[in-house]
Every structure is written in structure tokens, then in C-alpha cells.
Number of protein chains: 2
Amino acid sequence: MADLLSVAKRAGVSRATAARAFSSPDLVRPATREKIFNAAQELAFRPNKVAQQLRSQATQMIGVMVPSLDNPVFAEQLQAMEVAARDSGYSLIVTTSEYSPSREGNIVEEMLRQRVDGLVLTVADASNSDVLDKLRMENIPCLLVYNPPGTSGFTSIGVDNLAAGADATRHLIALGHERIGMIAGPLLQSDRAQQRYEGYCQAMKSAGFLPHQLVEMARHTQADLASLKPALQGFQSFSAVICTNDLLAISLIGELQRAGFAVPGDLSVMGFDGIALGQYLYPSLCTIEQPRADIGRTAVHTLLAMIRGESCTTAPLPHALRKGESTGIPASRKSNTGTTQRSTL
Amino acid sequence: MADLLSVAKRAGVSRATAARAFSSPDLVRPATREKIFNAAQELAFRPNKVAQQLRSQATQMIGVMVPSLDNPVFAEQLQAMEVAARDSGYSLIVTTSEYSPSREGNIVEEMLRQRVDGLVLTVADASNSDVLDKLRMENIPCLLVYNPPGTSGFTSIGVDNLAAGADATRHLIALGHERIGMIAGPLLQSDRAQQRYEGYCQAMKSAGFLPHQLVEMARHTQADLASLKPALQGFQSFSAVICTNDLLAISLIGELQRAGFAVPGDLSVMGFDGIALGQYLYPSLCTIEQPRADIGRTAVHTLLAMIRGESCTTAPLPHALRKGESTGIPASRKSNTGTTQRSTL
DNA sequence: TTGTACGCGTTATCAA
DNA sequence: TTGATAACGCGTACAA
């Protein structure tokens, strides 16, 4: 591939002049400039970013690490990040951690070697993370997304998960529900799931109800009805549940319907995240919407500000209750006639 | 950040020796090596990939361009690509084109300047693409994903969309459907949607039925019932439809149910792609499953082979019919009693 | 086994 | 307005 030197030769100038023609066109006489551009054209010259990066000690690249792209929450955030970054002349190196600490470590190390100008990470647990401990020693611009801010010492972009969890709960309470449960992924939950649960507990107590133990599913994004059965039977059975993410909620609704339950007739189901698809289902998913695109954009803009050396303030982004057909008045409040047929479990 | 020279000084050796300790450890005496590693540790030395890339004329980076990460098909493919690339020591630069030719052009130019070792692209229409025309002149390893192979001259990873479209159609025919429609995104469809339609037409004709005109939706991934209403009414109304992607199908099912139609009772709906979520819905989505993860992995491995200079053969990857509850026997075949109440349109 | 020296493609400083 | 030169950090051919 043609380099600046060959362009310069062909144009009959020195390499320095050729370089100037691109970086500061006004510093070179128009006629000369023309010759250089022509030569560049003829040789199909393409500036070598790697050389520029080495020389300028800046890569214009952002390292991004998300848990998984199989979850639309992260994919939708990433989509917005890519557009925002490109608009500012930056590229994204994208990696997935699967929440694995060792992968997290390798990924970040790799990105540091690549000399990315900054990092945008979503870690499993920000308050207890090897990779963040390591990053604290470096002084590279670094930002968390979705992880609750505070304990980690890193600025974080996301919603107030505790308030959001409480809002979800209050929505159900306002509908008349009292026996409300919460469903999450496997044992080592993400830090944000914990906060959402905390918000649920607070809202329940404030309303004078007893918060229930978290019901844990075997998988992060797929509900299995068996684990939930006990909580759906008997006198004290739930009339509504909140899932810690939308995929869990959607799959739960599917399982329930397949088993003969009506949603929200027999059980109201709320999600959390607000992935786009939820609106198009029937029943549409009632959920707490995180502004995924806005989070992605804000993350990029905030990081770029940090890279420029500006001090940046960050407040939690607003979440919103997205009403949907998957929640309704509890059966006990309705006239007890005409309820849908429920299969025996 | 500490560089090799400072490590060398601290270890009391020349820079060349320090470099060798990392690149060819066996060429340096163990004791010396030890000193160098210790010095590196103390200085928190981190090899500079940018310098390595400039020196070696290879970046170990793959440029990836997909239309949008908001569609799980691409996100799921990308997830697999990232893992495969990392396993081989490569990083991914990820970009989104929104199917915009100008964006496609800018993105590819940018990646070429970054000197990525290869490209994995999904373009709007491979048989008529400026960016591919340009790429034909370069000689950088380049691979298409999802785009039909053949006309473009580039090797492409994906399923046989024509056969897949025919398989979907035959599945419905086997169920007893005769009035089968096909639904796609907006006018400038993707090349693969066209092939799927072609497969549909062939299968319909083979069975002695008349293929219908493609029904076009305003958006790529969201159905609007209004455009479809005419085809659902009257004597010749569809008993089944195939959507060119899963998001379209899922949103259509939601719209239908909300309008009082039963799926598959009143209308069988098939999707196309096989995104993970489809299985967890009720009714579960009947669809043609593309092996998204396998496609991603194969793309990476094939590209790496091309980068190594190996000649690689590529056959279409197998698609599969994923049966689901969203299709069933047409109403006309069933005893015409007890059908669900249909709202007037 | 280790050191010297050059080049990868740019940019920026300093002279001319 | 232009040119010579050094530097960014690394790898390696060649010499010692």
C-alpha cells in the first residue's frame, strides 16, 4: 500500500510537505497541494492509522466490554454507542465477558495493550471486581454502564435501580396486588439485580406487605416454571411477579400461558429493561424501561469528555414505567366469575 | 507507560535482548530472562500493540460491519464471532451500517485505514453494492455474511435462502394451507429477502398454487396490521403467512392477537431467522432457523484461513425448520365449530 | 548469548 | 513555503 513517501516522490516534494498537505492544507501552496493530492489519488494512498496512532499516542478507539450480546439490552446499548462514537471519529473494539472474571481480566489487559483511549465496561459486580481493582491503578478513562455507581469509585451510567425496583413494585401495589414476588437469574446475580430486589423490598415494606424471598431461576434469561410452581399454588400464592430482566419475563409469560395460566388474569408479570420487542407482544410487556440508547450515547459522550480531560458530572438517567397488558387487576379484586380455566400443576 | 527500553535499562541489558525475552524466550539465557521479566513486572510494562502492529504490518484485528445490532440475528452472530476471534487472538472492530450505502462506504474506508487484517460484512444488496465494487480492487481478505453468494464474487457465509424459503412454504403446504402469503420489510428489501420470496414462489408453483404478491411493511422489523388487512379478509384471504424475519413475525402475531385473531387458529404465522427468543413465546414461533452462532464462528474461521493465505471452500450452512405453535392446520380443514371470536376489522 | 542498527509510516520541530 | 531530521515502540538481520 502506497505511503506518504511515495506520494511525495511522485509529487516531487519532500515527505514533510506531503504530510502537511493533509494535516494543514493551508500551510502549503495551492499548486503544490494539488500536485500532492493528485499523486495520492493516482497511488490510491490511504493514510495509515496505525502509524498515526503510534506517533500521536492516541488511538481514537474505545474498548467496550459487555456481558453478552445475546441479551438485547446490551445489543441495543451498543448500537447507540457505535453511532455516537463514529460521529465523533472514534471506533469501538467490542468484547463479551459472559460475566466471567477471568475473561474480564484478559479482555481489559488486551485492550490496554491496544492502547484504547478509554474503556466502557459492564461488570458482574462493581463492588467486588478484580478487574476494577486493577483499573484503579491505571489512569485510563474508564466508565461503567448499568452497574450501580457508588461503591466502585468509577463513574457509572445507568438508572437508579433501587428506585426503579420500587417503582415497579408500587405499580403492582397500585393495581391492588399484595402478594408480589420477584424472580431473578442464578445465584451469583448481577449487582443491579440485587438493587432492584432491594427496591422491591423497600416498597413492599412501605406499603405494609412482607417482601418475599427472591425466586432464583437456573438461567439468566430463561424462566423455568418448575422453580416457580410452589409460589403459585395455595392460599398465599403470588398474584404478581417482577422479573429482573425482560427476557426472563417474556419467557415466563410464554411458559405460564402454555401451562394454561392467563396473563395477567391469573398472574401479572412485569419485566425490567424495556427491550424493544416487549411492546410488540401480546400481552405487551409491562416493564421498567431503561433508556438503552440514551445510556449508550451518554456513555460515549461522557467518556470522550473524560478523554479530553474534562471533569464530568453524572446523574442517574431516568427510567420509566412502561405500562403493558401483562399486568392487571388481581383476580381477588375482580368479581370471581368467568375466570380462565387453570390447568392443574 | 513503561516501554521496552526502560525495562532493558532496569534489567541491565540492551533493548534487543529485552525484546527477545518476550518474543523468543529460548534465545536468551534463563538468568537474563529472569532479570528482564522482573524488571518488566516492577515497571508494570505492557507491550504496545500499536507499535507491534506497525512493525509487523498486521493488526490482528477484524473489521465487522452489520446492518444493525437492534436485530438479534446480527447480535447473536456477533456474539459468536467475538468469542471465536478472541480464541484466535484477534479483536473485533464493530460497526453498524443501517443499510445506508454512504455509511457502508465510510465504514469500510475507515477500517482499511486502520489496516484491519480482514473484513466481515453484511451489505444491503451484494449484487449491487458500491462498497463491494471498491473492495474488489483492494486485495484484503473479505467475507460476506447472510448475503447470498454468487453474483458478488465474494465468498459468503450463510444458508441457502431460496431453499429455505421453499422449505418454509412447503411446511405450510404440508399442513394443508393453500392461500399462503409472504410479508417483508420496506421496498428496498435486502437481497436475502428477495431470495426467500423466490423460494416461496417456486414452492407454491410446484404445488400448483398461485404465489401472491409480496406484502410490504413500512418497517423492517415491525408489522402493521393495516397494510395486511386487505389480504386477511374475504373469500381469498390468507390462511398462513411467512415473514422474512422473526421480528416481523413476532410483532405480527402480537398485532393479530390484540385485534382478536387467533394464531394459528385464524392465521398461521411463520418467521425467518430463528432468534432465540422465538422459542420462549406462546405460541412459540415456527420459523426457519439460521445457525447464527455457527455462521459467526464459520465466518471468523474462514476469514482467518484467508488471512493465512489458505484457499477456502465454502458451502451454504444448513438451515432447519423449527416447528412451533404459531402454525397449525388451516381453519378450513378443521370442523368449522368452536372457532375463536374474530373482531370486525 | 547479547548488542548494534535499521525500518515500520507518521507527525512535529527546527532551519533554510 | 518547504525540507531535513528526530521520535513514537517494537522486532529482527546481522555482527560481535
Side-chain angles (χ1 to χ4, degrees), chain A residues 1-40 43-61 89 109-117 140, chain B residues 1-40 43-61 89 109-117 140:
Chain A
M1 171 127 307
D3 65 345
L4 257 179
L5 184 54
S6 46
V7 171
K9 278 183 185 161
R10 184 171 185 106
V13 300
S14 78
R15 208 186 39 216
T17 307
R20 258 189 299 260
F22 290 99
S23 60
S24 337
D26 33 313
L27 288 188
V28 43
R29 193 199 316 165
T32 325
R33 203 194 306 158
E34 203 65 18
K35 280 194 298 185
I36 294 169
F37 287 161
N38 286 337
L43 294 176
F45 168 68
R46 187 148 29 218
N48 187 325
K49 279 214 136 203
V50 176
Q52 293 177 329
Q53 289 161 350
L54 179 59
R55 172 62 223 226
S56 68
Q57 300 289 83
T59 51
Q60 313 249 91
M61 300 201 310
E109 176 62 25
E110 171 72 14
M111 287 176 160
L112 292 177
R113 294 186 176 195
Q114 184 58 61
R115 299 299 194 267
V116 295
D117 290 346
I140 179 177
Chain B
M1 172 125 308
D3 66 345
L4 217 37
L5 182 55
S6 46
V7 171
K9 278 184 187 161
R10 184 171 186 106
V13 300
S14 77
R15 218 197 47 223
T17 306
R20 259 189 298 259
F22 290 100
S23 62
S24 338
D26 32 314
L27 288 189
V28 44
R29 192 196 318 163
T32 323
R33 202 195 305 157
E34 201 67 16
K35 280 193 298 184
I36 295 169
F37 287 162
N38 286 337
L43 295 175
F45 168 69
R46 189 149 26 218
N48 186 324
K49 279 214 138 205
V50 176
Q52 293 177 330
Q53 288 161 351
L54 179 60
R55 169 64 224 231
S56 67
Q57 299 291 79
T59 52
Q60 312 249 93
M61 300 201 311
E109 176 62 26
E110 171 72 14
M111 287 176 160
L112 291 177
R113 294 185 176 196
Q114 182 59 62
R115 300 299 194 267
V116 294
D117 290 346
I140 179 176

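Quick note on labels: first sequence line is chain A, next is B, and so on, each numbered from 1.
- Among the atoms of the strands shown, none is found under 4.0 Å from any heavy atom of Phe22(B).
- Among the nucleotides dT1(C), dC10(D), dT10(C), the one closest to any side-chain atom of Ala51(B) is dC10(D).
- Distances were taken from every side-chain heavy atom of Arg55(B) (C-beta onward) to each of dG3(C), dG9(C), dG11(D); the shortest belongs to dG11(D).
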Stepwise side chain to side chain donor-acceptor pair (under 3.5 Å) check, Gln114(B) with Gln53(A): CA-CA 10 Å; Gln114(B) 182 59 62; Gln53(A) 289 161 350; 2.8 Å; yes
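- Atom-to-atom, CD of Gln52(B) to C1' of dG9(C) comes out at 17 Å; the value is rounded to the nearest Å.
- Going from atom CG of Leu43(B) over to atom C1' of dG9(D) covers 15 Å, rounded to whole Å.
- Remark: Thr17(A) is in phosphate contact with dG3(D), judged by side-chain N or O atoms under 4.0 Å from OP1 or OP2.
- Across all strands shown, Leu54(B) has heavy atoms under 4.0 Å from base atoms, whether or not it also approaches the sugar-phosphate.
- With rounding to whole Å, Gln53(A) atom CD is found 15 Å from dC10(D) atom C1'.
- The interatomic distance linking Leu5(A) (CG) with dC6(C) (P) rounds to 17 Å, in whole Å.
- Between the side chain of Arg46(A) and the base of dG9(C) there is no donor-acceptor pair of N/O atoms closer than 3.5 Å.
- Residue Ser23(A) is out of contact with every strand shown, counting any heavy-atom pair closer than 4.0 Å.
- In terms of phosphate contacts, Ser56(A) brings no side-chain nitrogen or oxygen within less than 4.0 Å of OP1 or OP2 of dT10(C).
- Listed nucleotides: dG3(D), dC8(D), dT10(C). Nearest to the side chain of Val13(A): dG3(D).
- Per the geometry, NZ belonging to Lys49(A) stands 22 Å off P belonging to dC8(C), to the nearest Å.
- For the pair Pro47(B) and Ala16(A), nearest-nucleotide mapping onto DNA chain D gives the more 5' position to Ala16(A).
- Remark: C1' of dG9(C) and CG of Asn48(B) are 15 Å apart, rounded to the nearest angstrom.
- A distance of 14.5 Å separates CG of Leu4(B) from CZ of Arg46(B), quoted to the nearest 0.5 Å.
- A donor-acceptor contact shorter than 3.5 Å links the side chain of Ser56(A) to the backbone of Gln52(A).
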Apply the test side chain to side chain contact (heavy atoms under 4.5 Å, CB included) to residues Ile36(A) and Arg33(A): give CA-CA distance (whole Å), side-chain angles for both, the deciding distance (0.1 Å), then the verdict. CA-CA 5 Å; Ile36(A) 294 169; Arg33(A) 203 194 306 158; 5.7 Å; no
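- Side-chain proximity of Asp3(A) to the nucleotides dT10(C), dC10(D), dT1(D) is greatest for dT10(C).
- Each of dG3(D), dG3(C), dT2(D) was ranked by its minimum atom distance to the side chain of Ser14(B); first place goes to dG3(C).
- Atoms CG (Leu27(B)) and P (dA13(D)) sit 11 Å apart, rounded to a whole Å.
- In this structure, the ring of Phe45(A) has its center no less than 6.0 angstrom from the ring center of Phe37(A).
- Look at CZ on Arg15(B): it is 11 Å from C1' on dC8(D), rounded to the nearest Å.
- With hydrogens and angles ignored, a donor-acceptor pair closer than 3.5 Å exists between the side chain of Arg20(A) and the base of dG3(D).
- Side chain of Asp117(B) to backbone of Ala58(B): no donor-acceptor contact under 3.5 angstrom is found.
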